[in-house]
Amino acid sequence: MTMAAQNLKAEERDGLAIVHVALWRMGTKSMAEAYRILGYEAHHVLDNYALDQPWDVIEQAAEATWPGVAGAQPRRPFKREDWEKLWDPKYEVVTDLVSPFADQLTRVYPKAKVVVVQRDFDSWWPSYKESSVDTIFSPLQRFMIFLAWHVIGRRAGYAVRKINLGFFNAKDPAEIEANARKSYDRYFDGVRKMVSPERRLEYKLSDGWEPLCSFLGKEVPDVQFPRLNDREVHHHDTCWEDDEELREQTKKYKEWALSVVNHVDSPFLPPFARHPWQEQVFNLDAKVCILERRGDQNDHDNKEDLSLNEVKDKLMQWESAPKDITENKNDGRIIILQDLHPRVIELLGVKLGIPPHFFLAHCHNQVNLSVIDEKYSKQDDSTYWKVRVPRGMKFMNQNVPFGDCAIEAGSIIRDSSLIRSPVAPVLFSNAVSCWTKASEPNSWTAVILVDPYRTHIRNPAAPDRYELLEIKGVATPHYTVLNTGTRSDMRQLPLCSIFDTAFAAYDSNGIPHTNDPFEGTILVRNIIRSKWESFVGSITMDVRETYVADQKEYLPHYTKPGEPPIMLPRNTDILRSYQELIVLRQWIMEYKDIMNPILWKFRCKDDGILSQDHANPPEVVDHDYDSLQNALREEKKSWVILDEKFSKMEATVASQMDMWAQRAALQQATASLAQAEASTRSARTSGQLTKIATIIVPCTFVASIFSMNGRFAAGEDLFFVYWTISVPVTLGLLAWVLHEDIRNVYRSVANFEKKLESGDKMAVSNETTDTLRHRKLFHLSHDKVERTKAQV
């Protein structure tokens, strides 16, 4: 919608269309998203940068509403034009910015419909107290509020403090807690007395779309009601308010999970790990789908994303319905969970008998389970497996956090990475976990946990998080062609969500007919394998690019025709290239170690993969049994090939590193020879200079004596005495300096002539070069002496 259209729409509706009555931590973000789905322009503080809000106007509203609050300035009551300074005219509903002032807004906008979302006080207050009261009044936060105002001019902290003190009619945090229940009741009771029932909707998030759409005159959208970032979704009393038995069972399950996490002697997770039962706000990206064989307990189409009540109903239906026990039928069910919604996993844990250790182990890559029975016998992979799926991502823009950052996949901190450059790739791995439950006869359920596709990175020192993008294009040239017979679709599986791809695969192909739940999860395992193939292809490309770049750096240099070329470096930084090879080899070794357990967990190391324990008896073979067994063989073959590729890449990089090391040693030796030759030339030059100085210094001394005035001066009668002394001294010194070189030359010439006379042509040919060099030196020395004599 254009700005002009938005302004026209704002003029037509005369202000806000909806007054949303709810305090902070009462599902305001979920309701903002719901209003947007219904076509409204909804404002929510967390969807915008919090410090960019007009907090000075909000602080003035708090002082005008509660003039007795500490530090308040005298203010007149707020009017409509004052309130509309807080948001753009395009907005039709404001969910949380002015939540404490909702009673005033109902008077300011008498034509607006009023939606009241009241959360149970006992479940709301701990969440509100922790996120708002305890935070804003902490000593550290007081200091940060002071800095925010005096350094960047932001009044957000002062505004929130005054709202809390004024709303709860208190002077400090202790009075806030004492007056909390009374202020809570006064707020909602006041709105109900002020607004008629015809204009007001009493609503709970668990009510879904129908009552909200009916009240607002909107059609029910064909999407699930949003559940974003609000603890109301996480509370047992809200989710299971109509089922007291289930509410108590899930509470006990949560207590069991927390006892596992907080075990004093052996805590299950490291301190920095995040799990679903932590009392903090999560960025959930949860989805659930349940896939069953059409015609057994399921007479309707599969649905990709189920609500919590739909999950409950399907589980109840499955557990209570009789299983199909005909000879040629097997009852199988696949439950796929994206992210870990605490209420969903509690429900699955209670109804399917899954221990919380399974869900907790999924929260950290380094935690694995070894499942045993009551006889301490280890269970095979039909019961439990967990594998890791590599991912290579990059930043969406250059505005990224630096330092040690956490990589978040939904509500889980999946890994950490030291960010030093906005263009460097971010490598990590997601997790896929599976737990199966067998039911007699011939029935089973497989629960598969996957991470959300959308991934973010966050620096603990900064409030914002940044979305990552999958690396695509030249870096990942691996494409998968989906051959459907009538048409083929090319896709890059690394760019696909595991949840969405798995749902589509099971929905179109059905669940395999097998007694072994491990074989029933083959479609998910195929997706995992495809993602690994793409990742291995990317690393293979990196290895090849390093090899090709090395060939380009070293160009062939032909010395003489017919001789082999010498590879000379063009402009190579050996240390940098060697370090890049080290990093590449570390990647290969790391991900090879990650992939190696997969070969065992997926039975690729087991020669008896098609053992009789998992094969159907011949008399009850299903029509697709053979194709299933062929698929299992191909799966094993594919993983073995991937393992061989890793070994080959590791050997290639190791060989290349050895070549680099030898090349570095060769270049170092060449540099040492060049340095030695330069030193020899320098020493020879120094020796020659010394000899020259030996000759010149005495002559200079004699010349200085005879240069004095008198009969020895130039042109006088005794000037010949200078030459009489200087010439013999010079010749004597020259002979003394060069006598050793002259002797060596004469000795070499004599040896050469002797060998020549004896006919030793081989020796002559070997020494020709040296002899000629010495003979040349001799002639040069002789010529030098003759020139000196001529000068004298």
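Positions are given from 1, in the same order as the sequence printed here.
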Is it true that the side chains of D56 and Y158 contain a donor and an acceptor less than 3.5 Å apart?
no
Can you check side chain to side chain contact (heavy atoms under 4.5 Å, CB included) on N164 and Y128, steps first, answer last?
CA-CA 11 Å; N164 275 281; Y128 180 86; 2.7 Å; yes
Check: V21 and V19 side chains under 4.5 Å, non-hydrogen atoms:
yes
I want to check something: taking the side chain as every heavy atom from C-beta on, are F188 and F121 in contact at a cut-off of under 4.5 Å?
no
R200 and E202 ion-paired at < 4.0 Å
yes
Heavy-atom side-chain proximity of M31 to L212 below 4.5 angstrom
yes
All heavy atoms of A361 vs all of F268, minimum pair found to be N-CE2, 3.6 Å
Looking at residues at least two apart in the chain, or sitting in another chain, which of them share a side chain to side chain contact (heavy atoms under 4.5 Å, CB included) with F428?
R391, M393, I407, R414, D415, V426, N430, T455
Separation between SG of C363 and CH2 of W277, rounded to the nearest 0.5 Å
7.5 Å
Do the side chain of E92 and the main chain of E41 share a donor and acceptor less than 3.5 angstrom apart?
yes
Can you tell me how far the OG atom of S196 sits from the CZ atom of R199, to the nearest 0.5 Å?
7.0 Å
What closest approach, in Å, do K351 and L246 show between heavy atoms, and which atom pair accounts for it?
CE-CD1, 4.1 Å
Minimum heavy-atom distance W124-M26, with the two atoms named:
CD1-CG, 3.6 Å
Under 4.0 Å between a side-chain nitrogen and a carboxylate oxygen: does that hold for K252 and E255?
no
Report yes if some heavy atom in the side chain of D451 is under 4.5 Å from a heavy atom in the side chain of D339; otherwise report no.
no
After noting the C-alpha distance and the side-chain angles of H20 and Y35, does the key distance pass the ring pair (Phe, Tyr, Trp, His ring centres under 6.0 Å) rule?
CA-CA 10 Å; H20 185 80; Y35 290 134; 5.7 Å; yes
Nearest heavy-atom approach of A102 to Y187 is CB-OH, 3.3 Å
Closest heavy-atom pair, Y253 versus P356, reported as atoms and distance to 0.1 Å, is OH-N, 3.1 Å
For the pair L340 and I412, evaluate side chain to side chain contact (heavy atoms under 4.5 Å, CB included) and give the outcome as yes or no after the intermediate values.
CA-CA 8 Å; L340 297 179; I412 299 172; 4.0 Å; yes
Here the side-chain hydrogen bond (donor to acceptor under 3.5 Å, both in side chains) pairs for residues 171-181, sequence neighbours left out, are none
Find out whether N169 and I176 are in side-chain contact, i.e. whether some heavy atom of one side chain is under 4.5 Å from a heavy atom of the other.
no
Show your reasoning for whether side chain to side chain contact (heavy atoms under 4.5 Å, CB included) applies to V114 and L201.
CA-CA 6 Å; V114 178; L201 171 66; over 6 Å; no
What pairs meet the side-chain hydrogen bond (donor to acceptor under 3.5 Å, both in side chains) rule with one or both residues in residues 76-86, with sequence neighbours excluded?
D14-R80, R76-D82, R80-E84, E84-Y109
Is the side chain of T95 donor-acceptor paired with the backbone N or O of H43 at a distance under 3.5 Å, no angle test?
yes
Roughly how far, to the nearest 0.5 Å, is CD1 of I448 from CG of L337?
10.0 Å
Interatomic spacing from CZ in F358 to CG in L352 - rounded to 0.5 Å:
10.5 Å
Side-chain touch P452/S411, heavy atoms, less than 4.5 angstrom
no
From CD (E59) to CD (Q73), nearest 0.5 Å:
8.5 Å
Apply ring pair (Phe, Tyr, Trp, His ring centres under 6.0 Å) to residues W24 and F167 and explain how you reach the verdict.
CA-CA 12 Å; W24 299 330; F167 182 85; 8.8 Å; no
Non-hydrogen atoms of A61 and F101 that approach each other most closely:
O-CE2, 3.9 Å
Donor-acceptor check, side chain of T250 to backbone of R247, threshold 3.5 angstrom: yes or no?
yes
Is there a donor-acceptor pair closer than 3.5 Å between any side-chain N or O of D207 and the backbone N or O of K204?
yes
Does NZ or CZ of K218 lie under 6.0 Å from the centre of the six-membered ring of Y40, at an angle within 45° of the ring axis?
yes
R274/E408 ion pair, N-O < 4.0 Å:
yes
Below 30° counts as parallel, above 60° as perpendicular, anything between as tilted: where do the rings of F168 and W125 land?
perpendicular
Side chains of V261 and L360, heavy atoms from C-beta outward: is any pair under 4.5 Å?
yes
Checking Q118 against Y203 for the side chain to side chain contact (heavy atoms under 4.5 Å, CB included) test, could you report, in this order, the C-alpha distance in whole Å, the side-chain angles of both residues, the deciding distance, and whether it holds?
CA-CA 7 Å; Q118 182 178 2; Y203 183 74; over 6 Å; no
List the steps, then state whether salt bridge (Lys or Arg N to Asp or Glu O under 4.0 Å) holds for E346 with K254.
CA-CA 7 Å; E346 288 166 358; K254 176 183 177 180; 5.9 Å; no
Compare all side-chain heavy atoms of L449 with those of F359 and state whether any distance is below 4.5 angstrom.
yes
Sort out for me which residue in Q60, Q104, R75, K162 forms a side-chain hydrogen bond (donor to acceptor under 3.5 Å, both in side chains) with T65.
Q104
Just verifying a value: how many Å separate R119 CZ and L23 CG, rounded to the nearest 0.5 Å?
11.0 Å
